[in-house]
Enquirer: 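My questions all concern the structure below.
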Amino acid sequence: MPELPEVECIVRDLRSCVQGKKIVGVEFFFENMLPGITPEEFAGQVCGRIIRSVKRRGKYILFYLSGDKVLEIHLRMTGRFIFHPVPVKPEKYTGVIFYLSGNISLHFQDIRKFATFRLWEKQELYRATPFRLGPDPLEDNFTLESFLAIMAKKPGSKIKAFLLDQRNFMGMGNIYTDEALYRAGIDPARETGELDLKEKKRLYKAVYSILQEGIALRGTSVSDYRDLRGLPGGFQNRLKVYRRAGEPCPRCGTTLQRTVIAGRGTYFCPQCQV
DNA sequence: CTCCGTGCCTGTGAGC
DNA sequence: TGCTCACAGGCACGGA
């Protein structure tokens, strides 16, 4: 479900809702998100700890807990958190309820059950996936120079695959990648090495601006995405090409097409994207 | 290296 | 109405 803008919105909301609260209980309804650890062990590791801060790296959510523990959560396709200021019963897809101090609770829901929870010692966190991948586009080190340097290392990659590969940059997913390539006017099937400097600059700006707009509109809800209050985002109304095959290009009127690149459905305008 | 298929799950929508 | 199929916001893994 969520890409960088959605995760960023979730993390900002989590900070205002649960930062400083103590985890007083954890209840599981399914446990697919816990590889290699039982729900009892997990509860034993987190109960009694205070949520000191909530951070994001790419699409990963990091709960920094008291006692130097870090809970790393990846929502994958359909994972979501819903904040409840008063106790409510679990819903059909509720997998976990975190009971917090102040009688509030955080419900984790996941239709497809792909999401993952992992616990780290803070000093071991550098070994965790979020810190072994590429830079995050919202961090200061996402400059045009770094973008060009990383792209130069992968001249044979298709540009769509390059943007989706989290080892290059973290946070881009299928929706924002197609929209950024449309905005930059670049054919998703081209190789990064074929792009001239002007095109690379356009792409850099398109990636940055599309992510910022996604955040400003509180994410994209094409189907499942909801924020911490259960509300949909607004960027789905700004999508130009994603899931619009067969419709006219909003810029030139040419019929938008769908193809498969990097194993993902890819939407583009064959006229505007060259 | 890159690409590709597969698996993990459940739901939706189109076509028959 | 009901069945089957393609597709769905992600990522890890193994093989070519």
Side-chain angles (χ1 to χ4, degrees), chain A residues 1-10 29-36 56-61 72-81 91-96 108-118 128-134 136 150-181 188-194 210-211 213-215 217-227 232-246 257-267:
Chain A
M1 153 182 53
E3 306 181 25
L4 186 150
E6 291 75 36
V7 180
E8 177 65 20
C9 290
I10 291 166
F29 302 91
F30 55 81
E31 55 198 78
N32 306 47
M33 72 297 284
L34 291 184
R56 181 188 61 75
R57 270 278 295 165
K59 304 173 198 172
Y60 290 84
I61 299 170
E72 170 216 297
I73 292 180
H74 196 303
L75 300 173
R76 306 288 166 144
M77 300 284 256
T78 54
R80 65 164 70 141
F81 280 111
E91 295 177 22
K92 184 174 177 186
Y93 301 110
T94 304
V96 186
F108 170 79
Q109 305 176 339
D110 192 5
I111 295 171
R112 293 178 70 177
K113 301 181 180 170
F114 290 169
T116 51
F117 290 16
R118 284 195 301 179
T129 316
F131 293 90
R132 285 191 283 106
L133 301 176
D136 185 292
I150 292 171
M151 194 180 282
K153 291 181 188 168
K154 306 285 183 71
S157 291
K158 285 183 179 161
I159 190 64
K160 164 114 180 184
F162 174 80
L163 292 175
L164 283 176
D165 189 337
Q166 307 291 298
R167 292 169 300 185
N168 299 323
F169 300 98
M170 303 183 75
M172 293 294 281
N174 209 30
I175 297 177
Y176 292 98
T177 295
D178 281 3
E179 293 297 316
L181 286 166
R190 289 177 69 195
E191 293 183 358
T192 63
E194 301 171 11
I210 216 93
L211 292 173
E213 287 167 34
I215 293 168
L217 289 174
R218 297 192 54 78
T220 303
S221 298
V222 292
S223 59
D224 302 301
Y225 173 68
R226 296 294 182 274
D227 70 11
F235 198 73
Q236 64 277 11
N237 300 319
R238 300 281 187 91
L239 298 176
K240 306 287 192 231
V241 291
Y242 182 75
R243 284 213 209 179
R244 287 184 176 275
Q257 291 184 9
R258 178 186 183 275
T259 183
V260 175
I261 299 174
R264 313 297 299 279
T266 299
Y267 301 85

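The model shown is predicted, which means the values in this text are computed figures rather than measured ones. Chain letters run A, B, ... following the sequence lines, proteins first and then strands; every chain starts at 1.
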Enquirer: Between A:Arg264 and A:Thr177, is any side-chain donor less than 3.5 angstrom from a side-chain acceptor?
Expert: no
Enquirer: Decide whether A:Glu6 and A:Tyr176 meet the rule of one side-chain donor and one side-chain acceptor closer than 3.5 Å.
Expert: yes
Enquirer: Once you round it to whole Å, what is the distance between P of C:dG10 and CG of A:Asp224?
Expert: 12 Å
Enquirer: Using atom CG of A:Leu4 as one end and atom P of C:dC11 as the other, report the distance to the nearest whole Å.
Expert: 11 Å
Enquirer: Which nucleotide of DNA chain B is the first, and which the last, in the 5' to 3' direction, to come under 4.0 Å of a heavy atom belonging to chain A?
Expert: B:dT2 to B:dG11
Enquirer: Hey, does A:Asp110 reach any base, or is it just sugar-phosphate, or nothing, if we go heavy atoms under 4.0 Å?
Expert: nothing
Enquirer: Please classify the nucleic acid contact of A:Lys153 as base, sugar-phosphate, or nothing, using heavy-atom distances under 4.0 Å.
Expert: nothing
Enquirer: Could you state the atom-to-atom distance from OH of A:Tyr176 to C1' of C:dG10 in whole Å?
Expert: 15 Å
Enquirer: Expressed as a whole number of angstroms, how long is the span from A:Arg57:CZ to C:dG10:C1'?
Expert: 17 Å
Enquirer: Suppose we call two aromatic rings close when their centres sit under 6.0 Å apart. Are A:Phe108 and A:Phe117 close by that rule?
Expert: yes
Enquirer: Can you tell me how far C1' of C:dC11 sits from CZ of A:Phe169, to the nearest Å?
Expert: 19 Å
Enquirer: Please confirm whether the ring centroid of A:Phe29 lies under 6.0 Å from the ring centroid of A:Tyr93.
Expert: no
Enquirer: Rounded to whole angstroms, how far apart are CG on A:Asn168 and C1' on C:dC11?
Expert: 15 Å
Enquirer: Where are the stems of DNA chain C, defined as at least 3 consecutive Watson-Crick or wobble G-U pairs with both distances under 3.5 Å?
Expert: B:2-8 with C:10-16, B:10-16 with C:2-8
Enquirer: Expressed in whole Å, how much space separates the C1' atoms belonging to C:dA8 and B:dC8?
Expert: 14 Å
Enquirer: Restricting to pairs with a member in residues 233-243 of chain A, which pass salt bridge (charged side-chain N to carboxylate O under 4.0 Å, His left out), not counting sequence neighbours?
Expert: none
Enquirer: Report which part of the nucleic acid A:Gly173 touches: base, sugar-phosphate, or nothing (heavy-atom distance under 4.0 Å, all strands).
Expert: sugar-phosphate
Enquirer: Is any side-chain heavy atom of A:Met151 less than 4.5 Å from a side-chain heavy atom of A:Ile159?
Expert: yes
Enquirer: Kindly say if A:His74 contacts the phosphate of C:dC11, meaning a side-chain N or O under 4.0 Å from OP1 or OP2.
Expert: yes
Enquirer: Tabulate atom names and distances for all N/O pairs under 3.5 angstrom spanning the protein and nucleotides 4-8 of chain C.
Expert:
{"unit_1": "C:dA8", "atom_1": "OP1", "unit_2": "A:Tyr267", "atom_2": "OH", "d": "2.6"}
{"unit_1": "C:dA8", "atom_1": "OP2", "unit_2": "A:Arg258", "atom_2": "NH2", "d": "2.8"}
{"unit_1": "C:dA8", "atom_1": "O3'", "unit_2": "A:Tyr242", "atom_2": "OH", "d": "3.4"}
{"unit_1": "C:dA8", "atom_1": "N3", "unit_2": "A:Arg112", "atom_2": "NH1", "d": "3.2"}

Enquirer: Taking C:dC7 as the reference, what is the distance to B:dC9 when you measure between their P atoms (whole Å, please)?
Expert: 22 Å
Enquirer: Output all residues satisfying side-chain contact (heavy atoms from CB on, under 4.5 Å) with A:Phe114, sequence neighbours left out; order by chain, then residue number.
Expert: A:Arg76, A:Met77, A:Arg112
Enquirer: Can you tell if the side chain of A:Val96 reaches within under 4.5 Å of the side chain of A:Met33, non-hydrogen atoms only?
Expert: yes
Enquirer: Give the rounded distance in Å between these two atoms: CZ of A:Arg167 and P of C:dG10.
Expert: 16 Å
Enquirer: Should A:Ile61 and A:His74 count as side-chain neighbours, where that means a heavy-atom distance under 4.5 Å?
Expert: no
Enquirer: Kindly write out the residues that satisfy side chain to side chain donor-acceptor pair (under 3.5 Å) with A:Lys154, not counting sequence neighbours, or none if the list is empty.
Expert: A:Asn168
Enquirer: Can you tell whether the side chains of A:Asp136 and A:Arg56 come within less than 4.0 Å, N to carboxylate O?
Expert: yes
Enquirer: Pick base, sugar-phosphate or nothing for A:Thr129, based on heavy-atom distances below 4.0 Å to the nucleic acid.
Expert: sugar-phosphate
Enquirer: Is any NZ, NE, NH1 or NH2 atom of the basic residue among A:Asp110 and A:Arg80 found under 4.0 Å from an Asp or Glu carboxylate oxygen of the other?
Expert: no
